[in-house]
Every structure is written in C-alpha cells, then in structure tokens.
Amino acid sequence: MSRKQKRMLRNIIIALSLFLIVLILDLVLKNAYKDTFPYGIASFIPNENYGWLLPFGLYFLIYIFIGHNVLRKSVINIAHGQVFDENFLMAIATLGAFSLGIYTGITEHSPEGFDEACAVLLFYQVGEWFQSYAAGKSRKSITELMDIRPDYANLVNGDLVEKVDPFIVSLGSIIQVKPGEKIPLDGVIVLGESSLDTKALTGESLPQDVSIGDNVISGTVNLTSTICIKTTKEFSESTVSKILDLVENASSKKSKSEAFISKFAKYYTPIVVFLALALAIIPPLIYTFMGNNNMWTTWVYRALSFLVVSCPCALVISVPMSFFAGLGGASKNGILIKGSIHLERFNQANVFVFDKTGTLTKGNFKVVEVNPIEKKDEILKLAKIAEYDSIHPIAKSILEECKEEIPLGYTLENVSGKGIIAKKDLDIILCGNHKLMDEYHITYPTVEAIGTIVYVARNMEYVGYIVISDEIKPEAYKMVKYLNSIGARTIMLTGDNEKIATHVSKCLGLKEFRANLLPQDKVEEVDKILASKKDNELLCFVGDGINDAPVLMKSDIGISMGGVGSDAAIEASDIVLMHDDLSSIEVAKKISKKTMKIVFENIVFALFVKIVILALSALGITNMWVAVFGDVGVAILCILNAMRARVKEYSKE
C-alpha cells in the first residue's frame with residue numbers, strides 16, 4: 001500500500017472504532033436503561049429541547065474527521081461548475097440527514113438520523129479506499145516497467161567521465177556503463193564485453209552476452225564488466241523512452257463502455273437529484289392539501305435515502321476499474337495494450353492475419369536435414385570448410401551445426417548466385433545449389449525437401465546434401481489451434497514461394513495463406529481481407545514490427561511480435577508482446593474476454609440493485625442503511641469483481 005492508502009485506512013479504522021463506540025453506547029442506553037436514558041446519549045442533557053446537541057456533536061466530529069475531504073471536494077467542484085458528482089450527492093444526503101436529525105431532536109425530542117448520516121460517509125470512504133487499493137494494484141502491474149527508466153548516463157569526454165541526464169546525450173556520443181548500471185540509450189558497443197540482464201524488456205531470464213560491434217538497447221542492465229557504447233539514438237527516440245511513453249499512456253484511450261458510462265453518469269446524476277427533490281416536496285405537499293402536515297419528515301428522509309442509493313459510484317468506478325485491472329493483468333503477462341479501447345476490441349477480433357518470418361517462424365535458418373552418401377559428420381565438415389568465412393545466414397546455420405575443428409589454408413571463391421568453391425592443393429570442395437553442380441557436371445539427386453538445398457561435392461564426386469530451413473516457433477502450433485477452436489479465421493502472408501508457404505500452413509493448421517508477396521503486396525492483401533470481412537468482424541494483424549508498420553496501422557488491431565528495439569512496432573501497433581511469445585495472443589484473448597464479461601456483470605448488477613433499492617426507498621420500505629448498501633456495498637462488490645481481471649497467470653490450453 002502507498003503512504004496515502006495507509007493513512008486513509010488508519011483514519012477509517014479510527015473513525016469506525018469511534019462510531020461503533022458511540023452507536024453501541026447509544027443503543028445500550030436506549031434498550032438496557034430505557035427508563036433512565038429513554039433517548040440514549042441525548043438523555044445526558046436534561047433539557048429535552050437541547051438533548052440532540054450531544055449525539056449531534058459526537059457523530060458530527062466523527063463525520064468531519066472521516067469526510068472533510070468529501071465536503072472540500074464538493075465545494076471546490078461546485079466553484080468550478082461541476083455540481084453533480086458523487087461528492088455532491090454524498091454531501092447533500094449526509095448533511096440533509098444531520099439536518100433531519102436536528103429537526104426531529106427539536107420537535108420530537110428524539111434525534112434520528114445522526115448515526116445513519118455518519119455511517120453513509122464512513123462506508124463511502126471504505127468504498128473509496130477499496131477503489132484506491134484496487135487501482136494501485138493494477139497500476140503497479142502496468143508501471144512495473146518504469147523500473148527500466150535510467151537515472152543518468154556516464155558521458156565520456158576525452159579522459160573524463162561525467163554523470164549527466166540521458167536527455168542531453170547527443171547522437172554518436174560515447175557513454176560508459178559499469179556493472180549494475182542500466183544502459184541509458186540505444187547504441188553499439190565500441191569497447192569491452194559483458195553480459196546483459198534483458199528480462200525487464202524481453203522476459204528472457206538468461207543473460208545476453210555482448211561484445212564489440214553488438215547492438216544494445218536502453219533499459220537493459222549491465223551485469224559483469226564495464227563497456228563503452230556509441231549512441232545510435234537520442235533518449236527521446238530510444239527503446240526505453242518509447243516503452244515508457246506507451247506504459248504511461250496505457251489507460252488514456254477509453255473503451256466504448258467507459259465512454260458510455262461517463263456519458264450516462266453526466267445525465268443520470270442531475271436527473272436523480274431532481275427526482276429526489278421532487279420526492280421531498282411533491283408528496284408532502286399533497287398530504288398537506290389533504291390536511292396532514294406531519295409527512296414532511298418522512299418524505300425528506302425517503303428523498304435523502306434516494307439520493308444516497310442513486311450515487312453512480314458503482315458504475316463510474318467499477319467499469320474503468322475492470323479495464324484497468326485487465327490492462328494490469330496483461331502487463332503481468334508481458335503484454336502491453338495501448339488503452340482499454342484495444343482491450344475491448346481485441347475481444348471481438350476474429351480474423352487473424354500473420355506475417356511468417358520472425359512471427360510464426362524464428363526468422364533464423366537451421367540445418368533440418370543432412371543426407372550424406374557416407375558419413376553425416378563428413379559432409380558437415382566439408383560444408384563448414386567452404387562456408388567458414390561467410391556471413392550469409394545459410395553459412396551461419398552450417399557453422400552452428402558442425403562443432404568439429406576443420407583444417408585451414410583453403411582458398412575460397414564465392415560464385416555469385418551459385419555457391420562457394422574451396423581449394424587446397426589438389427583438394428577441391430564444391431558447396432552450393434544445383435546451378436553449381438550443373439556447372440561442374442556433378443550428378444546429384446533431385447530433392448523435394450522444404451527449404452534451401454545445399455549440395456556438397458569433393459573432387460568432382462557428389463557427397464550429399466544439406467537442407468536448411470527457417471524453424472517454426474514451438475508455441476505457434478498451440479496458438480493457431482486455440483484460434484481455430486474459437487472459430488477465428490487464420491491467414492498467413494509470406495514472401496516465400498508456394499511450396500514453403502503450403503508446408504508451413506499445413507504444419508500449423510492455418511485456414512488460408514498468401515505466398516510470393518512483396519512488402520507492398522501485403523498491404524494490398526490486408527486491404528482485400530478488410531473489404532471482404534463481415535461488419536461484425538475485426539481484423540488483427542500480427543507481425544514482427546520491423547517491416548510491417550503499414551499493415552499494423554491499416555488493420556483494426558495491430559500486434560507486434562518482439563517489439564523491443566523496433567520503433568515501428570511500438571509506434572504502429574496497438575498491442576506489443578514484450579516476450580516475443582505467440583502464446584501471449586491466447587493469454588491476451590482470454591484477458592479481454594474475461595474483462596468484457598466482468599464489465600457486463602458489473603453494469604447489470606449495479607443497475608439492477610440500484611433500481612430495486614431506489615424504488616423501495618421512494619416507497620419508504622427501506623431505510624438509509626439499505627441505501628448505504630445500494631451505494632457503497634454495490635460499489636465494493638463491483639470493485640472486487642473487477643479485480644478478477646487482474647490475474648497474474650492465465651492457462652495456455
């Protein structure tokens with residue numbers, strides 16, 4: 001709890017204790033000692049005309065202690081032209097009840113209503129504390145990422161190192177980061193090597209090893225040794241700055257449900273105030289014309305009860321709280337949603353379009369098959385000799401697969417579009433595609449495998465082939481299965497050929513795919529899907545955020561995979577999956593569904609209870625204690641229900 005919440009809770013406990021002491025003492029005196037103290041505490045003052053002063057004074061002191069801020073807010077809001085809000089309703093209802101108690105004390109020598117007036121404000125503050133505590137818990141979930149904010153940067157200026165504000169570090173400057181310090185700006189390492197803790201941004205628990213030439217992003221923590229970094233972005237454009245901006249504005253984009261409730265409260269509150277005023281005046285006037293002048297107290301009391309229960313706190317607080325809790329639950333699971341409107345819309349999303357490379361697949365090549373004439377290790381060793389100095393992704397995958405030491409001294413010749421020739425004395429190694437084999441008249445088998453085929457020959461004799469392919473992410477299978485199970489339409493867009501696209505689509509169980517697409521073709525395809533979908537359908541595009549910004553912005557909902565480090569992802573998408581985990585889509589879908597269910601429950605429950613108690617209050621069947629439940633009790637129940645959306649872990653079926 002925050003210091004403010006602790007102070008608020010302490011005041012509530014003190015006020016509640018004092019209230020119970022006075023209330024119990026008053027009831028005991030009235031019942032156990034009714035002959036001696038017929039008016040309870042009021043009996044301590046012998047003069048019946050002033051007997052109301054003692055209970056009024058005791059209850060009003062408690063009232064002022066616990067409710068002075070409500071009265072102050074009410075006065076301030078009225079001064080600013082904002083009359084009809086919950087503070088005004090609470091103030092007028094409770095002060096009216098005190099006035100009614102004074103009136104009955106003077107006229108009937110039996111003051112009634114002081115305890116109820118005090119209780120209304122006391123329990124209203126209990127509701128406010130619950131709301132503050134619940135909001136604080138959800139806000140903590142959303143703002144936990146604020147810990148990534150760097151406090152300073154060590155700017156290197158010649159032989160001097162100066163501690164400065166990250167905002168003033170210019171592009172291309174050299175900064176020093178010591179062990180235990182946060183990297184303040186994006187850049188590239190120019191001196192030293194270390195390990196970085198990236199889990200605050202990526203969710204990856206294992207440290208990331210970095211050295212000279214590696215790109216590093218702000219917000220990560222240097223662990224082992226001092227490094228020097230040349231900045232590639234100013235602080236305002238750095239990863240940490242963009243993510244902090246996203247977090248700080250996570251609750252700024254309101255959903256349709258929140259907008260409706262705000263508009264509803266704007267008209268609802270003044271209407272019920274005037275209804276309460278009519279209830280206090282019209283019926284007793286009618287009775288007066290009929291010759292009965294004793295009904296004013298009864299109908300004013302009913303009107304005050306009507307005012308208390310009519311307070312829209314349960315709706316005004318619980319609906320935004322439900323979305324806030326949902327956003328907090330999403331943040332707990334590494335999902336940043338840019339506002340409740342996107343949380344609400346994601347619940348309706350039923351057309352899911354995926355980029356392939358880097359989204360459904362890992363985006364890095366891996367050896368998936370080795371087919372040698374004799375030994376598997378031998379063909380990998382020969383391929384490693386040929387690809388040793390290459391930086392091509394295909395070469396990297398071969399080097400990673402082969403762990404054996406290789407002889408050096410080969411002369412390497414890169415044949416553009418065909419492969420590599422490695423020569424050493426009389427030893428010649430050919431490593432490449434079918435064009436290289438054809439050029440040297442090497443006989444090789446036709447291979448129908450999915451991926452890139454690398455043929456290997458030695459001294460003009462065919463040795464075997466290696467299949468290299470982009471790996472499908474393990475979590476993609478379950479994610480697509482889940483979307484299919486809820487009736488969603490799943491589509492893949494890829495620049496790969498028809499053969500590879502068909503293979504990936506069948507493996508994952510996707511319902512549709514489009515192949516051989518250039519980046520601009522993806523935009524056209526999304527336009528076609530948007531035009532063909534039904535009015536009640538929403539299209540969600542999921543991409544890696546690097547070259548998918550136009551499509552992310554065109555879609556109804558844009559989700560970026562692994563958005564950390566990608567400006568396009570953070571700016572263009574509506575939802576960022578911080579952990580680069582496709583299973584987070586299922587989690588986000590469940591959170592949005594649960595949140596919208598809770599919003600509906602709170603609206604229906606609050607309106608039903610209030611309408612019933614309003615009717616009963618107008619008829620005089622209930623008293624102000626029931627009205628307190630209709631306001632504060634319902635608000636607390638709705639807040640507790642809203643907090644169900646803030647669940648740390650969601651099951652991934």
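Every value quoted in this text rests on a predicted model; they were computed, and no experiment measured them.
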Original post:
Given Val454 and Cys431, is the side-chain contact (heavy atoms from CB on, under 4.5 Å) satisfied, shown in steps?
Top reply: CA-CA 7 Å; Val454 177; Cys431 183; 3.5 Å; yes

Quick one: closest heavy-atom pair of [X] and [Y], and the distance?
{"X": "Gly419", "Y": "Leu436", "value": "CA-CD2, 4.3 Å"}
{"X": "Leu577", "Y": "Ser584", "value": "CD2-CB, 3.9 Å"}
{"X": "Leu343", "Y": "Ser592", "value": "O-CB, 3.3 Å"}
{"X": "Ser583", "Y": "Glu475", "value": "N-CG, 3.9 Å"}
{"X": "Ile598", "Y": "Ala642", "value": "CG2-CA, 3.6 Å"}
{"X": "Glu234", "Y": "Leu185", "value": "C-CD2, 3.8 Å"}

Would you check if [X] and [Y] make a side-chain contact, meaning some heavy-atom pair closer than 4.5 Å?
{"X": "Ile585", "Y": "Phe346", "value": "yes"}
{"X": "Val351", "Y": "Leu538", "value": "no"}
{"X": "Lys423", "Y": "Leu412", "value": "no"}
{"X": "Lys589", "Y": "Tyr482", "value": "yes"}
{"X": "Ile529", "Y": "Asp527", "value": "no"}
{"X": "Val353", "Y": "Cys540", "value": "no"}
{"X": "Ser322", "Y": "Lys594", "value": "no"}
{"X": "Val368", "Y": "Ile466", "value": "no"}

Original post:
Would Val504 and Thr494 count as a side-chain contact (heavy atoms from CB on, under 4.5 Å) if you check the C-alpha gap in whole Å, the side-chain angles of each, and the deciding distance to 0.1 Å?
Top reply: CA-CA 10 Å; Val504 173; Thr494 179; over 6 Å; no

From [X] [atom1] over to [Y] [atom2], what is the distance, rounded to the nearest 0.5 angstrom?
{"X": "Met479", "Y": "Phe352", "atom1": "CE", "atom2": "CZ", "result": "9.0 Å"}
{"X": "Tyr410", "Y": "Ile385", "atom1": "OH", "atom2": "CD1", "result": "4.5 Å"}
{"X": "Cys228", "Y": "Ile212", "atom1": "SG", "atom2": "CD1", "result": "9.5 Å"}
{"X": "Leu539", "Y": "Asp556", "atom1": "CG", "atom2": "CG", "result": "6.0 Å"}
{"X": "Leu430", "Y": "Glu413", "atom1": "CG", "atom2": "CD", "result": "10.0 Å"}
{"X": "Asn222", "Y": "Glu181", "atom1": "CG", "atom2": "CD", "result": "8.0 Å"}

Test your reading of the model: is there a side-chain donor-acceptor pair from [X] to the backbone of [Y], 3.5 Å cut-off?
{"X": "Lys424", "Y": "Ile429", "answer": "no"}
{"X": "Ser505", "Y": "Ala501", "answer": "no"}
{"X": "Ser194", "Y": "Ser225", "answer": "yes"}
{"X": "Asp574", "Y": "Gly558", "answer": "yes"}
{"X": "Thr231", "Y": "Lys233", "answer": "no"}
{"X": "Lys384", "Y": "Glu404", "answer": "yes"}

Run the side chain to side chain contact (heavy atoms under 4.5 Å, CB included) test against [X] and tell me which residues pass, sequence neighbours left out.
{"X": "Asp214", "result": "Val210, Ser211"}
{"X": "Leu640", "result": "Phe130, Ile636"}
{"X": "Asn414", "result": "Ile420"}
{"X": "Lys593", "result": "Asn347"}

Sequence-distant partners of [X], side chain to side chain donor-acceptor pair (under 3.5 Å), two or more places apart:
{"X": "Gln176", "value": "none"}
{"X": "Asn69", "value": "Gln125"}
{"X": "Tyr477", "value": "none"}
{"X": "Thr226", "value": "none"}

Subject >> Criterion salt bridge (Lys or Arg N to Asp or Glu O under 4.0 Å) on Lys590 and Glu586, from CA distance to verdict >> reply: CA-CA 6 Å; Lys590 289 180 177 179; Glu586 179 182 345; 3.0 Å; yes

Subject >> Non-neighbouring partners of Glu193 that pass salt bridge (Lys or Arg N to Asp or Glu O under 4.0 Å), sequence neighbours left out >> reply: none

Subject >> Residues which pass salt bridge (Lys or Arg N to Asp or Glu O under 4.0 Å) with Lys473, listed by chain and number, not counting sequence neighbours >> reply: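 Residues passing salt bridge (Lys or Arg N to Asp or Glu O under 4.0 Å) with Lys473: Asp580.
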
**OP:** Could you walk me through whether Asp186 and Thr232 pass side chain to side chain donor-acceptor pair (under 3.5 Å), step by step?
**Re:** CA-CA 6 Å; Asp186 295 3; Thr232 54; 5.6 Å; no

[X], [atom1] atom: more than 12 neighbouring heavy atoms under 6.0 Å:
{"X": "Glu405", "atom1": "CD", "value": "no"}
{"X": "Lys178", "atom1": "NZ", "value": "no"}
{"X": "Lys376", "atom1": "NZ", "value": "no"}

**OP:** Go through the steps to decide whether Glu525 and Lys522 satisfy the test salt bridge (Lys or Arg N to Asp or Glu O under 4.0 Å), and finish with yes or no.
**Re:** CA-CA 5 Å; Glu525 285 298 326; Lys522 290 183 181 180; over 6 Å; no

**OP:** I would like to know whether Lys554 and Phe541 meet side-chain contact (heavy atoms from CB on, under 4.5 Å); could you show each step before the answer?
**Re:** CA-CA 9 Å; Lys554 266 187 171 290; Phe541 181 83; over 6 Å; no

Subject >> Working for salt bridge (Lys or Arg N to Asp or Glu O under 4.0 Å), residues Arg489 and Glu512 >> reply: CA-CA 8 Å; Arg489 183 181 170 195; Glu512 305 171 42; 2.7 Å; yes

Original post:
Can you check side-chain contact (heavy atoms from CB on, under 4.5 Å) on Val542 and Asp355, steps first, answer last?
Top reply: CA-CA 6 Å; Val542 186; Asp355 175 47; over 6 Å; no

List the atom pairs, with distances to 0.1 Å, where a side-chain N or O of residues 158-172 and a protein N or O form a donor-acceptor pair under 3.5 Å, not counting sequence neighbours.
unit_1, atom_1, unit_2, atom_2, d
Asp165, OD1, Phe167, N, 2.9
Ser170, OG, Ser173, OG, 3.0

**OP:** Using the test ring pair (Phe, Tyr, Trp, His ring centres under 6.0 Å), find all partners of Tyr455 that sit at least two apart in sequence or belong to another chain.
**Re:** Tyr444

**OP:** For the residue pair Ser195 and Asp209, confirm or rule out a side-chain donor-acceptor distance under 3.5 Å.
**Re:** yes

